[in-house]
Amino acid sequence: MVLLIQYTLIFSAVLILVALGGMFSERSGIINLGLEGIMVFGAMAGAMVMVLLPSDASRFTIIALTLLAAAVAGMLSSLLIAVACINFKADQTLIGTALNMLATASATVIIKGFNTARSGGTDFSAKLDYVRGHNAFMFNIGSLQLSWFIVVAAVLLVVAIIFFYKTKLALRIRACGEHPQAADSVGINVYAMRYIGVLMSGFLGGLGGIIYIAAANSTWHFDYGVAGAGFLALAVMIFGQWKPERIAWSAVLFALFRSLSNVYMGIGFLHALPISGTVYNMFPYIVSLIVLAFTSQNSRAPKAEGVPYDKGAR
Amino acid sequence: GSSSNDSASDATATTEEGAADAAASDKKIAMITDSGDITDMSFNQTTYEASKAFAEKNGVDFQYYKPTEDSDDARIASFENAVTDGYNVIIVPGYLFAGMIAQCAADYPNVTIIALDCSQGDFEGAGMTELPENVCSFTYQEELAGYMAGYAAVKEGYKKLGFLGGMAVPAVIRYGFGFVQGCNDAAVELGNASDVEVNYVYGGQFYGDDAITAQMDTWYSNGTEVVFACGGGIYTSACEAATKVDGKVIGVDVDQAGTIENAYGVEGLCITSAMKGLAATVDATLTDLFAGNWSNYAGKIENLGIVSGTDPSLNYVQLPTDTWTMTNFTVDDYKALVASLNDGTIKVSNSTDAMPSTEITVKEFDNIH
Amino acid sequence: MEDYVIEMLHITKEFPGIIANDDITLQLKRGEIHALLGENGAGKSTLMSVLFGLYTPEKGVIKKDGKEVKINNPNDATDLGIGMVHQHFMLVDIFTVLDNIILGSEPSKFGFLTKAEARKKVMDLSNKYNLKVDPDALIEDITVGMQQRVEILKMLYRDNDILIFDEPTAVLTPQEIDELMKIMKDLAAEGKSILFITHKLNEIMEVADRCSILRKGKYIGTVDVANTTKEELSSMMVGRNVKFAVDKVEAQPKEEVLKVENVCVKSKLHSNDSVHNVSFNVRAGEIVCIAGIDGNGQTEFVGALTGLDDISSGKITLCGEDITKKSIRYKNTHGMSHIPEDRHKHGLVLDYSLEENMILQRYFEPEFSKHGIIKKADMRKYSDRLTKAFDVRSGQGAKTIVRSMSGGNQQKAIVAREMDRQHELLIAVQPTRGLDVGAIEYIHKEIVKERDNGKAILLVSLELDEVMNLSDRILVMYEGEIVGEVDPKTTTLQELGLYMSGAKRDDRKEAK
Amino acid sequence: MEKTSFIKRPAVQTLLASILCAILGIVLGYIILCFMNAEHAGEGMAAILTNFFKYRIASTNTLMKYMGSFLVKSVPVILCAEAILFAYKAGLFNIGVAGQYTVGIIAALYTSLALGWSWPLCLLATIAAGALWGFIAGCFKAFFNVNEVIAGIMLNWIGLYICNIILGGEKCMNQSKSETYEISDLNPSGLLPGFLQDVFGGNQYMTIAIPITVIVAIIILVVLNKTTFGYELKATGHNKEAAKYSGMNAKRNIILTLVISGGIAGMAAGLYYLTGVEHFKIASSVPGMGFNGIAVAFLGGLHPIGAIIAGLFVEYITLGGQYLNTNYYNPQVADLMISIIIYLCGFVLFFRTILNRPGKVKVNANAEPDNTANKAEEKEV
Ligand SMILES: Nc1ncnc2c1ncn2[C@@H]1O[C@H](COP(=O)(O)OP(=O)(O)OP(=O)(O)O)[C@@H](O)[C@H]1O
Ligand SMILES: Nc1ncnc2c1ncn2[C@@H]1O[C@H](COP(=O)(O)OP(=O)(O)OP(=O)(O)O)[C@@H](O)[C@H]1O
Ligand SMILES: [Mg+2]
Ligand SMILES: [Mg+2]
């Protein structure tokens, strides 16, 4: 049971952050299919920092620098989306997909180069070990193992909710995702708002990436990318109807069922059921589909998302 | 570097001479990876490192080839690519290469192929009953290594054990079934078979991730004391979970104690490893080949296991004695075990068809992925 | 020297295939209401968009208070005190009224919105100018009239003193138009200068001081409204005289074409029916009009009639056949033509070309397809014939993407298509919304011709002029019910107004 | 290139754009190679570009054999791209192609290995399976308003797990090899008939899959541009409400589009797996084919024929990676190059749009007079 909570927390932290990232981007009008790629970049940078920090680095330093690196890398990679889709009006679907491919391919090449250089040619794997960094994030409450990652995610969720509903900037971002011409006509810089939206998705996606690889693992093979986690986050975002608090609930629901598939054999009665593990694996997806069928009737995407904004012939 | 034109003519040049008495300088070594990369922390990596070390030592050209996908077609493409580049000694690790060998070996009689892990059965499955002269293959009695690891662990006093395989491929299955047999025999000898329990699962991949870690967490938190992590990089998930509750792991293929302890900073995390002598085989075979002794191997499939009852370090399957940490089961006990395995007192089944029947409890889990 | 706040001198703006503004000069005096008149596609909206910084002209200069200024974007325009109510409202649907008004000039503290302050300022303005709005309602839930008030409040909230209204009345009810006229006069009296685009000459005569006329992208002239007549304005605009009254002979109704019995439609917003027990009939050779203030169930009723919305009970008979449960396709092919209220939502596929839109309901007919393959040459021929007959103007002919056409021409394309289709009944909802007088005259003539050809016509209109001029019988709809039937020849606007506001109703239950 | 009128022809532009983006990508790829190992960069680039043509001197037969392999391997990604662009034209983003492809694999291998059907039936089964998966997503969209993207993602995973269960069973999976049996061993009648195998160096995997792919692309081209059905689908894609107004059955069209798109994706799996070139192994993530299909569809300018060219190009570079000397470069560099080229394609599409219609601006909302217009573009989820 403890394990179920633990894994649900980890996985919902990832989904919440990345889905919130997707939400801010889409709310500003840019469909972000590249979340998967952003996660990979964030994860890679964070892991590299954990590997590179001197062994006497304090716990605080490790935590702060890792998170910082992941967030910055996420934002830098999201710039690839921003420049192409905002300035050059590239197709958002294409760019998102390209970013995903680019992320896995370049992470593989970069980490291989990184390892080769560091080991003097004996290690050329696309894998990083960061046990020390991973351990720095962990703490226990009773038998429940928690990590600073989860705390960070929880804090960011609260911040995101307040930001989304209470600030001037968020109001403007949302206007750009619904009706950019209207925003433009009242003097809001649509391009800037969309940049902010996309960069926020980079920030949150990068953090989501490092949590994905480091909250439950202390080794990661970058040639495997993040195995669809970014797309799941996208699904959670739609599930949450582009609203932060709903995204949180959707993420928890999804994470709960997904964790169940990982730890059900530790829960006596579930293990005793004549249901195969693969069926448990399918559960989160089936449950989501069913819930969606009941909740989607009034769901609506930001109206202007996916449409490049062009100020006119200027 | 050589352009493709040169390599093509190189290949023809070698073809004209006899393979057996070719001078060492004419030989160029290549390896082809199977579904994994050369960094899989498993047989691809071991083979790569051993071949490369040999090539460097002897100043021979060496390169590896990675097929674009996991299919015979792609493996054949890599093979022909390597041959066109002028490589005439090709090392291929993994039973998956049986198909490629069946289709290519006869067409390239002057290319020497050293296969690892391809058994008679694999070749027959690919439609080849007899190996041509330019091919040899080595298989290992992983079941013996697994047996020794399981036997040692139970004798050491562990009662709740686990087996975490990578993918359910024959070598992994042999390790696993051997492990179960070893645990069982030791428990029967100790008389505590009813107390001993083995959890048994395949991860479905050769690397760890959070789903596998979660499964390991449930095992360890439910009392599992030691897990035999058997398959490439999958040990990371076992180690991850083990460190949280002071659990232990058993390594595979090579002595992993050092790597694991370094990585996780926990002393004694890896109590032993079920090793097989892949690197030694590669080195020995290449040395013989270059010394002109290919005829020892030509067309043969060698099943490598225990060759010495007295000096375990000569065997192709062993436990590491240099980093021995077990106290109840000592090196001497180990030597005695090897002797009985050698003289046939103990028999270990190498069948991969069904889980061996045991007196201990074996709990099989569904594949994680 | 005149006191001009804004001068637009020699403005030229081109689009592919068309010069939307060709050397146009427009001068706006301080405190005046200056009307801008021109046919559909004459370039009025384009000119105003140039002034508001949405388009950059190829040639020409803009002066504010005699000094040359560069207006590169709406921000620059706002800084110069220029505000605009767009023909196509610039409101965010899912935001509240308040959020829409403050958007872009939000009061805030440390980045957090201070809505209380904003609310006070907005409500003060709302009271001062008598612009009633509910600050917490969502835009998508309020009437068009209220949306218009929101747009005006947006300008006032920003302290703009040059106000551009691009066809603000096209979508308003008569009552709302009166209100707006009054508001505009008040604003002008306060010293604000107003540019006002409309196709309705009455409105120009009522509020404007001066009027500039454009025709096909060219400047024709500016006149003082006090010294001119509607006839003169319209002839300047179209280049000929326009008749305002519809020429028609007495209707000769024949057999019943449409029969509606006790139709009810459930409301999406509240628990009451939005259409309740509506019954009437339309005969061949007559124009029956449903009049009423916007939001009294007309849209829902037409939705139910045409099949766009679900009907909850009742029966609809077309040419003697019960079509209540029939599909839209069936209705389309069995005698029903429909000019929809919302041309962008329903009437057109904006990203299709003009020719493709012309066969929207007919692409599968043998005339346009064979074995499932569209006959492109026939499509082109057909489209060319219709656009010629109905004078639909577009940049690149049949291939023009409809999105780039002016609204008036889009409407004409729909009218052409629906009139030409094989039908017994024509349902025309706001058929002339946003059209210039020339086009209105033409469409009205066509509708009457339809009637005289023995077609049944159901007209749904908010414009009382149109209602009175065109129809042979008027049914008034109020809160989802038909509350009265009047004869346009014997009734007065006042009486109609009483029915429409719910102050008077016939007991029709027994009648018929 | 100089004449405006010439450059304005869409097909010319697409071609120019694609070539430009390929060249840019290759230049960037070269720069990356330089970063990794400057000395051998030229050689590395040459190896990728020369690709299987390295066999041209040794043996034409070998060359043709690898040419054949190249074609065989391009088939699934091209068809996935066709599936995606078909749905995209109808306004649906079928991200579920990955899952439809996966269930196509189930159908191909289960019918051929476990049921022993002959190839026409097996191929039909793959189409049916993909179509069924598309149908489910379509129903969720049409009846419950569930966004097709989310339904697609969920169905991808469900398909994967079902695939693991069914193909992991005794009947299909060779337990001792952890991969499915050879169709040629168990049921040779399940293999697709050969196609010009002699011309292509006796390549046993050259099958009718190649001409079928081309035919499918042409059919899609015709259906989309010439038929009433294509007219309906595109109308629905652009404006669902207008489609409804004009009497088109929006629900039916949504479902039908996804059924067809899914059927094509299923067929992609069938035409690949029924050649015998590939086996299924238990997988822990959804096959990437569907996602690569997205990239190829867009790289090909969302044009059915363009998708063929784009698919061949991507596959060519992918295959090129294996010819790099691994002592200097790791083979994943090719993937990196492809992703860069695809990324650049975003810019090139923009470039082409500029050439096409300099005035296509969204602000022209102003040329449209009523405020309800924006509702026409309303997206529902
Ligand atoms: N963004 C654009 N791209 C291409 N052509 C345009 C664009 N905007 C306007 N036009 C064309 O310019 C001409 C003038 O359009 P404009 O909207 O200014 O007309 P208008 O006078 O406002 O007409 P209406 O009374 O119908 O609103 C029209 O022919 C229109 O098709
Ligand atoms: N992206 C592309 N890559 C390669 N070839 C293309 C591409 N796009 C178009 N073509 C080629 O150019 C031809 C013409 O393309 P175009 O898109 O103009 O045709 P179309 O619009 O389908 O035809 P129509 O206008 O008659 O319906 C196509 O038949 C195809 O052979
Ligand atoms: Mg206008
Ligand atoms: Mg108009």
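In what follows, chains are A, B, ... by sequence order, proteins preceding strands, each numbered from 1.
If you measure heavy-atom distances from A:F124 to chain B, the contacts under 4.5 Å come from both the backbone and the side chain. The contact between B:I368 and chain A is made entirely by backbone atoms, counting heavy-atom distances below 4.5 Å. Proximity to chain A (any heavy atom under 4.5 Å) is restricted, for B:E240, to the side chain, taken from C-beta onward. Looking at A:R132, there are no atoms closer than 4.5 Å to chain B (heavy atoms on both sides), in backbone or side chain. Looking at B:D210, both its backbone and its side chain come within 4.5 Å of chain A, counting heavy atoms on both sides. With a threshold of 4.5 angstrom between heavy atoms, A:N217 approaches chain B through its backbone and through its side chain. For B:F206, no part lies near chain A; criterion is any non-hydrogen pair under 4.5 Å. Using a 4.5 Å cut-off between heavy atoms, A:Y130 makes no contact with chain B at all. Proximity to chain A (any heavy atom under 4.5 Å) is restricted, for B:N222, to the side chain, taken from C-beta onward. Only the side chain of B:S221 comes within contact range of chain A, with at least one heavy atom under 4.5 Å from a heavy atom of that chain. Proximity to chain A is limited to the side chain of B:Y48, based on heavy atoms less than 4.5 angstrom apart.
Within 6.0 Å of NZ in A:K127 there are more than 12 heavy atoms belonging to other residues, nucleotides or ligands.
Classified by interplanar angle (parallel below 30°, tilted 30° to 60°, perpendicular above 60°), the ring pair A:F11/A:Y212 is tilted.
Side-chain atoms of A:R59 come within 3.5 Å of backbone N or O of A:A136 as a donor-acceptor pair.
Aromatic rings of B:Y200 and B:Y202 (six-membered ring for Trp) have centroids within the 6.0 Å cut-off, being under it. Here the two rings, on A:F257 and A:Y285, have centers that are 6.0 Å apart or farther.
Side-chain polar atoms of B:Y87 and B:Q63 form a donor-acceptor pair below 3.5 angstrom. Between the side chains of A:D123 and A:S125, at least one donor N or O sits under 3.5 Å from an acceptor N or O. A donor-acceptor contact closer than 3.5 angstrom links the side chains of B:Y65 and B:D85.
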